[in-house]
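Notes for the one structure printed next.
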Amino acid sequence: MILDKTIAQWCQSHPLIAELINLQETTWFNPALAASADALADVPVSAADIEDASARLKRFAPYIRSVFPETREHQGIIESLLVPLPTLQAALTTGHDVPSGGALWLKADNQLPISGSIKARGGIYEVLKHAEDLALAAGLLKPGDDYAKLDSQQARDFFSQYSVAVGSTGNLGLSIGIMSARLGFQATVHMSADARQWKKDELRARGVTVMEYESDYSVAVEQGRKQSEADPRCHFVDDENSVNLFLGYAVAAERLQQQLTAAGVRVDEEHPLFVYLPCGVGGGPGGVAFGLKHLFGDAVHCIFAEPTHSPCMLLGVYTGLHDAVSVYDFGIDNLTAADGLAVGRPSGFVGRSMQRLIDGYYTVDDDELYRLLALLESTEGIRLEPSAVAGVPGMIRVLTERQGYRERLQLSERRLANATHLIWGTGGSMVPREEMNAYLEKGRALLAER
Ligand SMILES: *Cc1c(COP(=O)(O)O)cnc(C)c1O
């Protein structure tokens, strides 16, 4: 029984659940989508909060520039490129009867400095916010200071009295661990069984304590939370509920807006922007989508992508149960090669506050993720990790849908011909070469079978 109903009763009231249980690739366009002017009020943070986060990242830029030389080129601002994907677009649309026009792009967060994934946005932001709060309260920093002074033995000694902890499938742990350790904090990452060995090695090499658990992500988070609660000097980064993580991700939107403008890409009612975001617990895609909705309103269409084995956000929003349900309740195993997305229970905060702002949700089979990973490499020479390619099929899902979504939103052929489709490439550059080669080989073999 799941909240007073049997699985059979759930399948009857919510027919897509049967497809999810059968691990079929599924697409669901959200009937509750509302005008952003109304629905943004559902979110307990505002545009002013995003601006505050953006300003904080600017204050820290001189420090980031000082301690991470790879950020010098961009003056300590952690940002990724916007890359056109014409060859991939041609390969994806071949053989599909889809409206012509529109352009496919990649937001290359796989190349983000410091931790090589989208977590370099939210994760690093949350650590910096915490460090600033402590340093201001202790008088180590004063408003108006050059934050480069935090790159000092005095500051590291100060932060070493405090600790930061997080539960993670891998990439969040990398971001939080690397940033915390660099500031001088004692850092602990509680990792689930599916976390890759190289991520644990990387963290330990930087002085981070890695605790390993036999179970999945939720248990690692729970353990981390418990141990941290016992210690008042420990800050626990709560991936499921953190508003600061969310705001760190949301800052991506203003940066993207500048890049689109610089590239001559228009976004308005006649030039819709579709953004395809891989979703794990939901904070990353939710935060980015929140920022985008503030800037582009109803002209932007955000769509979340999950593995068929871990469709937690789709399940939570579709049933309205949010974090009261996990994929395990429906017998779905949460075992996927997309380790950044291997999450069984979604963030209730993101699911609830964003439920009228997200256009749709879809799932992708693991084999398809490998194929798309290899296809992206052969067409564009770009290497993403399996989680990060979940956004690749989004454009075709939208252009071939038959649920009345495009009609309902008046996404006519004329508008679609002017559309921009943006794949959020959430990670990959930290993956060791041999591991990436193994992914590519697997993907090429699967492509050859077809
Ligand atoms: C964490 C992660 C995501 C999803 O972010 P959530 O906040 O968990 O939804 C997507 N892709 C990669 C590579 C990630 O590491």
Side-chain angles (χ1 to χ4, degrees), residues 80 106-112 114-126 166-178 189 191-192 194-196 199 216-218 220-221 237-250 252 275-291 302-307 310-314 316-317 323 334 336-351 354 358 361 364 369 372-373 376 383-392 394 423-431 435-436 439:
S80 70
L106 177 75
K107 183 65 176 143
D109 274 10
N110 55 308
Q111 294 286 1
L112 278 177
I114 304 174
S115 67
S117 81
I118 189 171
K119 305 297 192 309
R121 299 183 184 278
I124 288 177
Y125 173 73
E126 171 144 354
V166 65
S168 171
T169 56
N171 285 340
L172 183 64
L174 276 182
S175 284
I176 301 282
I178 293 171
V189 177
M191 280 189 152
S192 44
D194 49 350
R196 311 270 162 194
K199 293 183 182 172
D216 84 339
Y217 161 86
S218 303
V221 171
V237 177
D238 183 346
D239 197 11
E240 289 164 339
N241 300 295
S242 169
V243 168
N244 286 323
L245 274 178
F246 188 79
L247 289 171
Y249 292 119
V275 184
Y276 307 104
L277 293 146
C279 178
V281 73
V288 170
F290 175 63
C302 299
I303 294 168
F304 286 5
E306 297 178 295
S310 309
C312 68
M313 188 60 80
L314 200 171
V317 178
D323 54 354
N334 192 27
T336 169
D339 49 357
L341 312 182
V343 178
R345 189 183 298 278
S347 161
F349 156 57
V350 172
M354 298 297 292
I358 304 303
Y361 306 78
V364 194
L369 291 176
L372 294 169
L373 187 149
L376 179 63
R383 298 172 165 217
L384 298 185
E385 62 186 272
S387 300
V389 292
V392 175
I423 297 166
W424 212 281
T426 47
S429 67
M430 296 271 281
V431 177
E435 201 127 338
M436 183 56 81
Y439 290 153

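Quantities reported herein were computed from a predicted structural model and do not represent experimental measurements. In each ligand, atom 1 is the first atom listed, and ligand 1 is the first ligand listed.
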What are the distances between nitrogen or oxygen atoms of ligand 1 and protein nitrogen or oxygen atoms, counting only those under 3.5 Å?
{"from": "ligand 1", "atom 1": "7 (O)", "to": "Gly283", "atom 2": "N", "distance (Å)": "3.3"}
{"from": "ligand 1", "atom 1": "7 (O)", "to": "Gly284", "atom 2": "N", "distance (Å)": "2.7"}
{"from": "ligand 1", "atom 1": "8 (O)", "to": "Val281", "atom 2": "N", "distance (Å)": "3.0"}
{"from": "ligand 1", "atom 1": "9 (O)", "to": "Gly280", "atom 2": "N", "distance (Å)": "2.7"}
{"from": "ligand 1", "atom 1": "9 (O)", "to": "Val281", "atom 2": "N", "distance (Å)": "3.2"}
{"from": "ligand 1", "atom 1": "9 (O)", "to": "Gly282", "atom 2": "N", "distance (Å)": "2.7"}
{"from": "ligand 1", "atom 1": "11 (N)", "to": "Thr426", "atom 2": "OG1", "distance (Å)": "2.7"}
{"from": "ligand 1", "atom 1": "15 (O)", "to": "Lys119", "atom 2": "NZ", "distance (Å)": "2.7"}
{"from": "ligand 1", "atom 1": "15 (O)", "to": "Asn171", "atom 2": "ND2", "distance (Å)": "2.7"}

To the nearest 0.5 Å, how far apart are [atom1] in [X] and [atom2] in [Y]?
X	Y	atom1	atom2	value
Leu277	Trp424	CG	CH2	6.5 Å
Leu314	Cys279	CG	SG	9.5 Å
Ile118	Leu172	CD1	CG	11.0 Å

Side-chain contact test, heavy atoms from C-beta onward, threshold under 4.5 Å: evaluate it for Asp339 versus Arg196 and give yes or no. yes
Contact summary for Val189 and Ser168, nearest pair of heavy atoms: CG1-CB, 4.3 Å
Any luck finding a side-chain donor-acceptor pair between Ser429 and Asn110 under 3.5 Å? no
